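What follows is a short report on a single structure.
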Amino acid sequence: MAEVAQLSTSLRRGTLEFCVLAMVEGEDRYGTEIVRRFGEERNLAASEGTIYPLLSRLRRAGWLDSKWSESPAGPPRRYYALTDSGRSALEHFRTEWVSFRQTVDRLVGTGEA
Amino acid sequence: MSTNKTDDAVAEYLREVEVRLGSLPLLQRRELLADLEAHIAGERAERHVQSEGEVLEILERLGSPEVVAAAAWEEAGTTAPVGPIPRIALAPITRRRRYWPIAVVAGVILLVLLACAALTVSRASSVEQHPVAPVVGTR
């Protein structure tokens with residue numbers, strides 16, 4: 001059990017942030033929305049509270065912008081938007097990821113061919 | 001009555017997280033606490049959460065204060081260990097406080113010893129000089 005958890009933690013590291021960037025690529029989303037979306041993905045599932053420090057780092061890196069905005073129901077929400085440098089970081093990841101995935105597939109024997 | 005209780009649970013949760021954020025930069029600490037607070041308040045409002053049990057469920061999904069704080073340390077790029085962050089941060093300070101008087105006493109003793117040594121040396125050299133002087137004088 002512990003090893004399974006360790007493996008998914010290792011795999012998540014370095015990839016989760018790009019899933020976050022991709023999530024706000026089309027439209028701005030607020031924190032809890034992003035957190036909930038991750039909760040639905042079993043492979044990515046982490047404690048919801050751990051997503052907020054990640055969002056903070058991405059904002060400090062200049063990949064995300066955030067602003068508080070009133071909500072129709074309930075307290076104000078903090079919306080996240082992709083910045084230009086966040087967009088190019090995401091594009092770069094996409095290219096890298098494809099060739100990375102192909103290499104791993106080839107070496108590990110998980111490829112289709 | 002039950003709202004007070006759930007508010008207490010939320011406040012305690014946030015406090016437990018805050019304690020574990022220790023020496024992280026102030027703005028990062030404030031940001032995370034504000035995000036968590038907004039998350040909890042938003043979930044309560046959107047899901048029409050009433051009971052204490054439902055609030056505790058929101059907190060459980062957020063993760064234990066240890067887990068959330070550990071994520072904050074990791075994302076801050078600091079090599080702080082997962083567990084007892086505050087203790088590790090405080091240990092050198094308390095130790096320094098404890099050893100401080102000992103250092104002063106040791107310093108005073110050292111000064112006294114040095115003074116004694118200096119006196120002994122100067123007395124010895126003056127004793128040595130006395131026999132030399134008459135010899136020079138007789139020549």
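A quick note: this is a predicted structure, and the numbers were derived from the prediction, not measured. All chains are named by letter (A, B, ...) in the order of the sequence lines, taking the proteins before the strands, and each is independently numbered beginning at 1.
For a residue to count as touching a neighbouring chain, one of its non-hydrogen atoms must lie under 4.5 Å from one of that chain's; by this rule B:R47 touches chain A with the side chain only. There is no contact between B:E60 and chain A, counting heavy-atom distances below 4.5 Å. When heavy atoms are compared at a cutoff of 4.5 Å, B:A45 approaches chain A solely by way of its side chain, counted from C-beta outward.
Side-chain atoms of B:T6 and B:E52 include no donor-acceptor pair closer than 3.5 Å. Residues A:R77 and A:S69 bring no donor and acceptor atom of their side chains to less than 3.5 Å of each other.
Rounding to the nearest 0.5 Å places CG of B:L59 at 10.5 Å from CD of A:E48.
The candidate from A:R59, A:E17, A:R60 with the greatest count of non-hydrogen atom pairs under 4.5 Å with chain B is A:R60.
Panel note: side chain A:T83, backbone A:W63; a donor-acceptor pair is recorded below 3.5 Å.
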